[in-house]
Amino acid sequence: MSDEQGFSPRERRASFTLAGIFGMRMLGLFMIMPVFALYGKDLIGFSPIWVGIVIGVYGLTQAVLQIPAGWLSDRIGRKPVIYAGLTLFALGSVIAAMSESVYGVAIGRVIQGSGAIAGAILALAADITREESRTKAMAIIGVCIGLSFAIAMVLGPVLASFFGLSGVFWATAILAVIGMIMVRFMLPDPVHKGQIRDVTAAPELFGRLLKDKQLLRLDFGIMLLHLTLTAVFVAFPLTLLDAGLAAEQHWWLYLPVLLMSFVLIVPVLIIGARRNLNKQFFQASILVMMAALVLMALGKGHIGLLALAMLLYFTAFNFMEASLPAFLSMLAPAGAKGTAMGIYSTSQFFGAFLGGVLGGVLFQYLGGVGVFLLVAVAMGLWFWVALGMSNVSKVRSHILPIGVSIETTERREHLLAQLLALPGVLEALIIPEEGSAYLKVDGNTFELDQAKIVINL
């Protein structure tokens, strides 16, 4: 397949490089989760509440700065924002590594989180790739983020067992430096630069999207999903320790459990897509996660039950982590996916912050059993909210450059009417300032070539 039709070598290299940068940064953020409660006990001020704060506080600065950092990259360029974000991440890692108190580590985590580069990386991926290759690029980035989480659950305990907690933070600083080297020497310059509404948030759309009940269900869902994640890892490592599994052996449980969970979700994802059962499988996953949390509470002192609980938890978690962005992409209005994703990501990181803090407080006063049972109750609330979800179908988005003169309102309205009349087009939006047409289509009936003929591509 030629470069004009397929994924060109330049696009492939850029996509894998950006995925690597994103993945290494997320790896650094995640590695602390399974080890801090175990290896932070010698820090001044250590307590379960501070365990939760340290694990979750990066989410607060991520939530606040995610969208503004994306806007800044529109103004000053993607690479400067990515460099700045990786520098802050490295600085926060060094501060945490050198700290002798939980307060210093928490400050380091706040600074780590302030390096909010997700929006700039996704925007740069859009700049570097053509529209027909962009979905592949985003998929590669998404897969790499998922792998980074799995690797962190294993690598964090291994590094901590050899080098202690500070060694984990020094490793994250090194990863940030490697990321900057990759930006400098491996990333090509963008083909074009500017706001692309499928990856960049548009301020004027916030009010409209915040009233969309289907999108709000997804935002609420990702917030609760990451709230449970950080809350669980305040309590679960200590629960394993109490069950007799030494800290340096925790990766023995995480590695096979994670590998098996990835194997289990593949057929579920395939069957859900083919038979249009995404909604049913998604709701079932919430119930599976709730059951896993109850099993964690009941499995105190039993390694086998805790391993089974974690297998169920990670299988459900990974399925929902893969499904939620896909649902959001299908439900977001034409030309509003970037804004919808900005609100979604903010909800995700805010959930991580809330989960850490609430998990720490609950563990302080109610112990691990209290954490698991109360988070299970939160899953019950999520299931009730998810009952009103739409059963999304095969909806796709396209961005097409407009190859005809649209300098007048009359011409734009005529072109818009032609696009909306095409089979399979659900929504169409023309943004004259970008010279782009945004289409939301039914992938079963839409023919891209017909749209290109209409706009003379």
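We're numbering straight along the sequence, starting at 1.
- Among pairs with a residue in residues 163-177, none fulfils salt bridge (Lys or Arg N to Asp or Glu O under 4.0 Å), at least two apart in sequence or across chains.
- Within the 4.5 Å cutoff, no side-chain heavy atoms of Phe327 are placed close to those of Arg217.
- Counting only distance, with no hydrogens or angles, the side chain of Gln283 and the backbone of Ala386 share a donor-acceptor pair below 3.5 Å.
- Annotation for Phe446: atom CZ counts as buried by contact number, over 12 foreign heavy atoms lying within 6.0 Å.
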Distance-only donor-acceptor hits, side chain of residues 21-42, under 3.5 Å, sequence neighbours excluded:
| unit_1 | atom_1 | unit_2 | atom_2 | d |
| --- | --- | --- | --- | --- |
| Arg25 | NE | Gly115 | O | 3.0 |
| Arg25 | NH2 | Gln62 | OE1 | 3.4 |
| Arg25 | NH2 | Gly115 | O | 2.7 |

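- With sequence neighbours excluded, the residues that form a side chain to side chain donor-acceptor pair (under 3.5 Å) with Asn318 are Ser261.
- Among the candidates Phe349, Phe317, Trp382, Phe220, the single residue satisfying the ring pair (Phe, Tyr, Trp, His ring centres under 6.0 Å) test with His226 is Phe317.
- In this structure, Phe46 places its CZ atom where more than 12 heavy-atom neighbours from other residues, nucleotides or ligands lie under 6.0 Å away.
- Applying the side chain to side chain donor-acceptor pair (under 3.5 Å) definition to pairs two or more places apart or across chains, those involving residues 81-97 are Ser93-Gln112, Ser93-Thr172.
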Distance-only criterion, 3.5 Å: show the donor-acceptor pairs between side-chain atoms of residues 146-161 and protein atoms not counting sequence neighbours.
| unit_1 | atom_1 | unit_2 | atom_2 | d |
| --- | --- | --- | --- | --- |
| Ser148 | OG | Ile145 | O | 2.6 |
| Ser161 | OG | Pro157 | O | 3.4 |
| Ser161 | OG | Val158 | O | 2.7 |

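- A 4.5 Å side-chain heavy-atom check between Leu259 and Pro256 finds every atom pair outside the cut-off.
- Looking at residues two or more places apart in sequence or on another chain, you find no salt bridge (charged side-chain N to carboxylate O under 4.0 Å, His left out) involving Lys300.
- Residues meeting the side chain to side chain donor-acceptor pair (under 3.5 Å) test with Thr228, sequence neighbours left out: Tyr313.
- Qualifying side chain to side chain contact (heavy atoms under 4.5 Å, CB included) partners for Ala96, counting only residues two or more places apart in sequence or in other chains: Val105, Phe169.
- The side chain to side chain contact (heavy atoms under 4.5 Å, CB included) test applied to Leu362 returns Leu366, Val371, Leu374, not counting sequence neighbours.
- Using a 4.5 Å heavy-atom threshold, the side chains of Trp170 and Phe163 count as separate.
- For residues 231-247, there are no side chain to side chain donor-acceptor pair (under 3.5 Å) pairs, not counting sequence neighbours.
- The aromatic rings of Tyr254 and Phe314 sit perpendicular to each other, their planes meeting at more than 60°, with 30° as the lower class boundary.
- Taking 4.5 Å as the limit, every side-chain heavy atom of Glu11 sits out of range of all side-chain heavy atoms of Lys136.
- For the side-chain contact (heavy atoms from CB on, under 4.5 Å) test with Thr230, the passing option among Ile55, Val57, Leu354, Leu358 is Ile55; the others fail.
- Proximity of Ile82 to Ile121: side-chain heavy atoms (C-beta onward) are separated by under 4.5 Å at one or more points.
- The ring pair (Phe, Tyr, Trp, His ring centres under 6.0 Å) contacts involving residues 99-119 comprise Trp50-Tyr103, where partners must be two or more places apart or lie in separate chains.
- Remark: Leu331 engages Gln214, Leu215, Leu218, Ser390, Val392 in a side chain to side chain contact (heavy atoms under 4.5 Å, CB included) (not counting sequence neighbours).
- For the pair Thr61/Arg109, no side-chain contact is recorded, criterion being any heavy-atom separation below 4.5 Å from C-beta on.
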